[in-house]
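Only a predicted model underlies this, so the values are computations on that prediction, with no experimental measurement involved. In the text below, chain A, chain B and the rest are named by the order of the sequence lines, each starting its count at 1. Only this structure's heavy atoms are used, side chains among them; waters, hydrogens and symmetry mates stay out.
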Protein chains: 2
Amino acid sequence: MTQNDFDDASELIDSELDADAPEAPEQARLGRKRDHTRDPEILEAALDVLAEEGYDGMTIDMVAARAKAGKATLYRRWASKGELVIDAVACMKKGDLDHARLPDTGTLRGDLVAMIKPRSMEDAERKLQIMGGLMSVLSRNPELSDAINSAIIEPRAEVNRILMRRARDRGEISPDVDIDALALVSPSMASYRTLVLKKPVDREFLISLIDGVILPAAGIRSPVGA
Amino acid sequence: MTQNDFDDASELIDSELDADAPEAPEQARLGRKRDHTRDPEILEAALDVLAEEGYDGMTIDMVAARAKAGKATLYRRWASKGELVIDAVACMKKGDLDHARLPDTGTLRGDLVAMIKPRSMEDAERKLQIMGGLMSVLSRNPELSDAINSAIIEPRAEVNRILMRRARDRGEISPDVDIDALALVSPSMASYRTLVLKKPVDREFLISLIDGVILPAAGIRSPVGA
DNA sequence: TAGATCCGAAACTGCTCAGTACCGTATATA
DNA sequence: TATATACGGTACTGAGCAGTTTCGGATCTA
């Protein structure tokens, strides 16, 4: 970023003198229709580039090329690079883990270990790379900051909070345990390991984190036995 | 960053056909001498800008202006923006905590708490901001990555390792404790809190981290009593 | 069929910024 | 004193990139 690609957030309310991007509510529009099935493809392309190059390294041409789309197509749908990125980040929120069908093994350790799945780990790694690429912009863009927060940060912590609340409710851990703080241990350490130490967040690391830090901090002693 | 400001690392060996920046070993050079007392001032200015703007937001003009120096003066001393930044990061290493005079209160908790000083906390916050500003570049620049590692990351972890080894040697914590992993808990969580959550790493947070996570994970139960 | 809008592709515009060149001045050696 | 270099300041150069425009072709409504 050189100046501020997020400036033009002042949306024209509805007058829409634009030839392009009219979005009149339900009026039958003239001419060829915009192919909205391409939106997610473009956003995914943006996320790929973002993860690889970071915000400042990402160019609209890269995104267009990867999505096999024209640059004009992108600008017909998003007013600026900044808005494209915000949308791309926000669209990660969908397809998140369902809170309804989280593991429920009866023990906190069982639940935490059950969360370790190859699929969700790849997913998490990519999200962290994206966050890393947006880090320097984050400080000066509250809207993007919010998007990152609700798409990446909060969901991660919330899952841990749910599992720990359950453990508290069934008496497995003490009511004195600071669940909000403890739920941030694994997101923090996984982020640090990925972005700073540049080491893999693999099953071994996560297990030793659970048994060596989280469970002891929750007041559960033995690593394996119930 | 647009392309790669770090390319020109191929230093001319010693022939130095340059008019500027000759640095002939000990030969009495002609003309006005370079004022090397300005080096640290310029590097400090670079770190300030880096912390505020990040790598891509930082311009050479900003650094020169803040250091009240000419742009040519900077380019006489560093071949590129990339090399300036690497030097600036590396110069943070100096003035680090002395391993010789770390707190030694007799308990791990006492030592960890004694590390919480307003001065070192401001210092740490600035270093984290700098790291955040360099995050997206870090992935594609091993040299800078190494500089960050030895100037910011390692020193932080090393202090914790020393204090924990002492605690182990005096029998306060079990030899089974994974000190290398545990020493990364506070750096990880402080980084996450500062850069991602954007909350202050204050005394209260650090105390609850020590009593709620680190000491329990080290197998020490009571928060206060020995 | 006619007109409007979409599409991908590519040329074009305008700005920012890394890096260079040059100025007048200050300070060093010989 | 003459020469060489450093200094702060400023103008310049060239590249990269956000955003716009244009084009030929496809697809929609009327």
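In this structure the side chain of A:I116 reaches within 4.5 angstrom of the side chain of A:I210, judged on heavy atoms. No side-chain heavy atom of A:D111 sits less than 4.5 Å from a side-chain heavy atom of A:M115. Between A:E204 and A:I207, the closest side-chain pair of non-hydrogen atoms is not below 4.5 Å. With a 4.5 Å cut-off on side-chain heavy atoms, A:V201 and A:E125 do not count as touching. Using a 4.5 Å heavy-atom threshold, the side chains of B:V185 and A:V185 count as separate.
Applying a 4.0 Å cut-off to non-hydrogen atoms, none of the residues of residues 40-51 of chain B approaches DNA chain D. Listed in residue order, the members of residues 62-70 of chain A having a heavy atom less than 4.0 Å from DNA chain C are A:K68, A:A69, A:G70.
Distance A:E53 CD to D:dG16 C1': 14 Å, rounded to the nearest Å. The separation between B:H36 atom NE2 and C:dA28 atom P is 14 Å, rounded to whole Å. Straight-line distance from the CD atom of A:E83 to the P atom of D:dA18: 15 Å, rounded to whole Å. Rounded to whole Å, atom P of C:dC6 lies 12 Å from atom CG of A:D39. The CZ-P distance, from B:R29 to D:dT5, rounds to 5 Å in whole Å. To the nearest angstrom, C1' of D:dC17 lies 12 Å from OH of A:Y55. Between A:D61 atom CG and C:dA11 atom P the separation is 12 Å, expressed in whole Å.
When each of A:T73 and B:M58 is assigned the nucleotide of DNA chain C bearing its nearest heavy atom, the one mapping closer to the 5' terminus is A:T73. When each of B:K33 and B:K71 is assigned the nucleotide of DNA chain D with its nearest heavy atom, B:K33 is the one assigned upstream, toward the 5' end. Both B:G31 and B:L74 lie near DNA chain D, and the one whose nearest nucleotide falls closer to the 5' end is B:G31.
Closest to the side chain of B:L30, out of D:dA18, C:dA30, D:dT29, is C:dA30. The side chain of B:I60 lies closest to C:dA18, out of C:dA18, D:dA18, D:dG8. Among the nucleotides C:dA21, C:dA18, D:dT21, the one closest to the side chain of B:A72 is C:dA21. For A:R76, the listed nucleotide lying nearest its side chain is C:dC6; candidates were C:dC6, C:dA18, C:dA4. Closest to the B:R38 side chain, of the nucleotides C:dG19, D:dG8, C:dT5, is D:dG8.
For residues 179-203 of chain B, the side-chain hydrogen bond (donor to acceptor under 3.5 Å, both in side chains) pairs, not counting sequence neighbours, are B:N160-B:S186. Within the structure, every pair that satisfies the side-chain hydrogen bond (donor to acceptor under 3.5 Å, both in side chains) test and touches residues 58-69 of chain B, not counting sequence neighbours, is listed here: B:E52-B:R66. Counting only residues at least two apart or in different chains, side-chain hydrogen bond (donor to acceptor under 3.5 Å, both in side chains) contacts with residues 145-155 of chain A comprise A:E154-A:R161.
Close to D:dT5, at under 4.0 Å from its OP1 or OP2, lies no side-chain N or O of B:R34.
Nearest heavy atom pair, residue A:A69 against residue A:L74, reads CB-CD1, 4.0 Å.
Across all strands shown, A:D35 has heavy atoms under 4.0 Å from sugar-phosphate atoms exclusively, and none from any base.
Under the rule for a salt bridge (charged side-chain N to carboxylate O under 4.0 Å, His left out), the partners of A:D123 that lie at least two apart in sequence or sit in another chain are A:K127.
Under 3.5 Å, the side chain of B:R32 and the base of C:dA26 form at least one donor-acceptor pair of N or O atoms.
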